[in-house]
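Below you'll find the structure, written out as structure tokens, and then a few comments.
Residue numbers start from 1 in every chain, and the chains themselves are labelled A, B, ... in the order their sequence lines are given, proteins ahead of strands. Just the heavy atoms: all of them, side chains too, but no hydrogens, waters or symmetry mates, feed the values below.
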Amino acid sequence: MSDATALLREPWQRLERQRQAGKFGIWIFLASETLFFGALLLTYAVCRIEHPDAFAAAGRETNIWFGTINTAILLTSSLTMAVASQAAAQKGRVRQLVLACLGATAALGVAFMIVKGFEYKEDIEKHLVPGTGFALSQPSAQLFYGLYWLVTGVHAIHLTIGIALVVRLVLLGAARRIRLRGSPELEVTALYWHLVDVVWIFLYPLIYLPGRAS
Amino acid sequence: MTDAALAGELPFPPRPDYLRAGSTLLSWLATTDHKRIAILYALTITVFFFMGGAAITAVRVELFVPNGWFLTSDTYNRLFSFHGIIMVWFFLVPSIPNTFGNFLLPLMIGAPDVAFPRLNLFSWYLTLVGGIFAVYTLVAGGVDTGWTFYTPFSTMFSNTHVLTAAAAVFVVGFASIATGVNFIATTHMLRAPGMTWFRLPMFVWSIYATSIVMVLSTPVLAISLMLVIAERWLGLPIFDPARGGDPILFQHLFWFYSHPAVYIMVLPAMGVVSEIIPCFARRRLFGYDFMVYAIIAIAGIGFFVWGHHMFVSGQSPYASLIFSFLSFVIAVPSAIKVFNWTASLYRGQISFNSPMIYALGFVGLFTTGGLSGLFLASIPVDVHVTDTYFVVAHFHYIMVGGSVSAFFGALHFWWPKITGKMYPESWAQFAAITMYFGFNMTFLPQFVAGYLGMPRRYHTYPAEFQVYNVMSSAGAAVLAAAYLLPLVYLMWSLFHGARASNNPWGATGLEWTTTSPPPPHNFDLQPLVDRAPYQYHAEGESAGSDAPEVQNARSLR
């Protein structure tokens, strides 16, 4: 009982209700995030339908290796996150496992950002930043790269927030400041992490695959 | 004798109400009490309301004569843009939801607080940050895009502070989303025992529907403004036609938010009116179930009518046809609400207290605004009056005549609960009536001027329109006086008003069964609900046949 009261917050009287509310709240927020990224993807779709050739040409300039490696990294991080949240819901002595999986998740998130950094560096060297001196001749190829920088940037900001949230859980959990088993915060963080991952699953084909099919 | 004593329980030890539970500045700035956060919001939006009002006062002074005499064209553009941005995002959108919604939602459902109290406070700070951006924009020289930020003007041509203005709205949008998430979770998870969905007061339904619209539409506004910022600041060519961008796309994204935003502004007002009219008619709300269905229908269909803002923008005629049809469709649930409010008066015992005057004013002005909206939903008429004062008059009837009237109605209805003080009723009635006439005097002539062809957003105009503009400006002076009056007598009431009882209007909601002002956690005893709202009289009887029955079974025992 004392364990449950340690996690209990105003205005809740029962932990189970608080947990449900936290999950419900984050699902509502994820619906909002879906519309957020949805509007970006709509913009992409409209531009790509208007300029299919330029988008194919621009898509061929992306580095598919960076993209593919990052996809693998991020999907693995979702696996470790899922293990962490499932383990935290079990009754056994799983604290070490939860901490290890959360640590791995954060590390994979950081690895993604590092790979992304190398990719950005290469893009800048190849003059793939819209503006004067842009590498491709078609003007609307700049549109693709405008959206490329924007969506990957917004995704990276989301991922950074996710990493910060996971690191916070690891630090608090390791210092025994919060109890990870049955923690509503862990479940909420995990759901957010998976959303960031799902967004990337949409971004990967939209960014790296145009123009490579034939 | 208190209710607790009547129930044979021991009296509670004296405890401070939420206003007196802490008196340091920090106890306000770090509070997680939804009632205190509501007060913080109320103070903030009052400041913004008078800032936006000051801007439009200068505009109305300028429009007294046909050839600009008071402002330059540039200043004029910046003033009406500032007015629009401030009034839409820093007053109307947060007005009723974040003040009265915050204060009343937990009280009305019998909860100690909202679901996520710290998120609630965070949302207020976001509003503040957004507000600082907005004020900085003004101080630095203003923005001249209008509140709509249309591309390519905002991205390529305007030399004003578009960046900070867009950032202001971007930030305050996240405050909206946070509040929406909070209110939806609160309504789902924190209802008192027995408070089933169809026992919720209409105000709760309206806040719930509004929150859904906030959560699902605001992110699209965020994206549309982010794209503008990205193009201006980083040079990413999203809306630049020379590099294949599509300026019309901005309008689609913007109106996908900004039409539902009209419902963010007016649905809470409908909720307020649905509380006030039954109370002062001593009558059950007519057709409660259909009032619920109608408000949900408005929130839902509201997402699919944005194209009626774009009939002249270069949009497929088939799309225009469908948007026109859906815009007519949304008038049906709106009309259901108007008919039901009116039917609630039938065989009632009506008293014209100030909240009731505001509420009845709302019904008339909302109907006028709504019917003129049907003109605009009809493509041939819309093409004729696009970007004229007809449109300006139409949306001010909905937003000012509707929402602001309801805001003042709510302020007078719940003032005794919020502050524990009564205000001077005659002054309040005088202000309410003045506001009604001042409003009509300001905006009715604009329908005529607009229909005759006076375009919006110009500071000079042909002399033939002067008579309408003089009427309008004179009305605006009356309206300004009517807005300033409550500021005076409500402040007076804080210090000299009589103490309010727990339920001064004899209303039936849970919020009236706790003390005025309520204690920090709202209720001394967990409320128990065993009946529907608005039981002002026995079923099937006329008003006054029976004493009203409050929703809280605890206070009846």
Side-chain angles (χ1 to χ4, degrees), chain A residues 9-14 16-51 53-55 58 129-132 134 136 138-151 153-154 157 188, chain B residues 32-34 106 111-119 173-174 176-178 180-186 188-190 211-212 214-224 226-227 229-231 234-246 248-250 252-253 256-257 303 521-522 526:
Chain A
R9 283 240 174 80
E10 293 267 333
W12 305 99
Q13 287 159 359
R14 288 186 300 121
E16 192 43 41
R17 196 73 180 158
Q18 179 187 342
R19 185 199 318 281
Q20 282 176 5
K23 268 166 82 171
F24 183 75
I26 194 74
W27 275 109
I28 302 287
F29 177 70
L30 296 189
S32 188
E33 286 280 62
T34 306
L35 267 289
F36 186 83
F37 283 102
L40 268 178
L41 297 187
L42 172 84
T43 308
Y44 174 95
V46 168
C47 296
R48 181 164 166 180
I49 289 166
E50 284 175 1
H51 311 284
D53 297 337
F55 267 55
V129 184
T132 47
F134 185 71
L136 301 172
Q138 282 167 294
S140 38
Q142 296 196 29
L143 208 51
F144 177 92
Y145 273 95
L147 288 166
Y148 163 81
W149 286 95
L150 212 55
V151 288
V154 171
I157 291 170
V188 166
Chain B
T32 53
D33 183 340
H34 66 102
D113 207 317
V114 292
F116 312 115
R118 292 184 300 169
L119 181 67
F174 285 95
S176 258
I177 294 172
V181 169
N182 218 336
F183 286 176
I184 293 173
T186 306
H188 273 265
M189 308 303 286
L190 278 170
S211 301
I212 292 175
M214 279 179 172
V215 164
L216 296 182
S217 66
T218 316
V220 180
L221 172 77
I223 286 296
S224 66
M226 194 183 78
L227 294 173
I229 292 173
E231 180 153 351
L234 307 173
L236 304 182
I238 312 295
F239 301 120
D240 177 2
R243 287 183 281 178
D246 188 347
I248 302 292
L249 179 62
F250 172 82
H252 281 288
L253 292 173
F256 183 86
Y257 164 82
F303 276 100
H521 288 95
N522 295 348
Q526 169 71 56

Relative to chain B, which segment of [X] carries a heavy atom at a distance below 4.5 Å: side chain, backbone, both, or neither?
X: A:T34; result: neither
X: A:I26; result: neither
X: A:F24; result: side chain
X: A:W27; result: neither

So which residue, [options], ends up with the most heavy-atom pairs under 4.5 Å with chain B?
options: A:E33, A:E50, A:Q13, A:Q138; value: A:E50
options: A:S140, A:S32, A:G38; value: A:S32
options: A:P130, A:A31, A:C47; value: A:P130

Does any donor atom in the side chain of A:E10 or B:H521 lie under 3.5 Å from an acceptor atom in the other side chain?
yes

Quick check: closest heavy atoms across [X] and [Y], and the distance to 0.1 Å?
X: B:H188; Y: A:R17; value: O-NH2, 3.7 Å
X: A:P11; Y: B:A115; value: CD-O, 3.7 Å
X: B:P237; Y: A:G146; value: CD-CA, 4.2 Å

Return the OG1 to CG distance between A:T43 and B:L249, rounded to the nearest 0.5 Å.
5.0 Å

Can you measure from CZ (A:F36) to CD1 (B:I177) and round to the nearest 0.5 angstrom?
8.0 Å

Could you tell me which residues satisfy salt bridge (Lys or Arg N to Asp or Glu O under 4.0 Å) with B:R243, sequence neighbours excluded, listed by chain and number?
B:D240

Is it the backbone or the side chain of [X] that comes under 4.5 Å from a heavy atom of chain A, or both, or neither?
X: B:A178; result: neither
X: B:L253; result: side chain
X: B:I238; result: both
X: B:F174; result: side chain
X: B:M214; result: neither
X: B:P117; result: side chain

Are the side chains of A:V154 and B:I223 in contact, using a 4.5 Å heavy-atom criterion?
no

Is the shortest heavy-atom distance from the side chain of A:L35 to the side chain of B:F256 under 4.5 Å?
yes

Quick check for you: among B:P219, B:P106, B:G244, which has the greatest number of heavy-atom pairs under 4.5 Å with chain A?
B:P219

Taking B:D113, B:L216, B:I212 one by one, which has the highest count of heavy-atom pairs under 4.5 Å against chain A?
B:L216

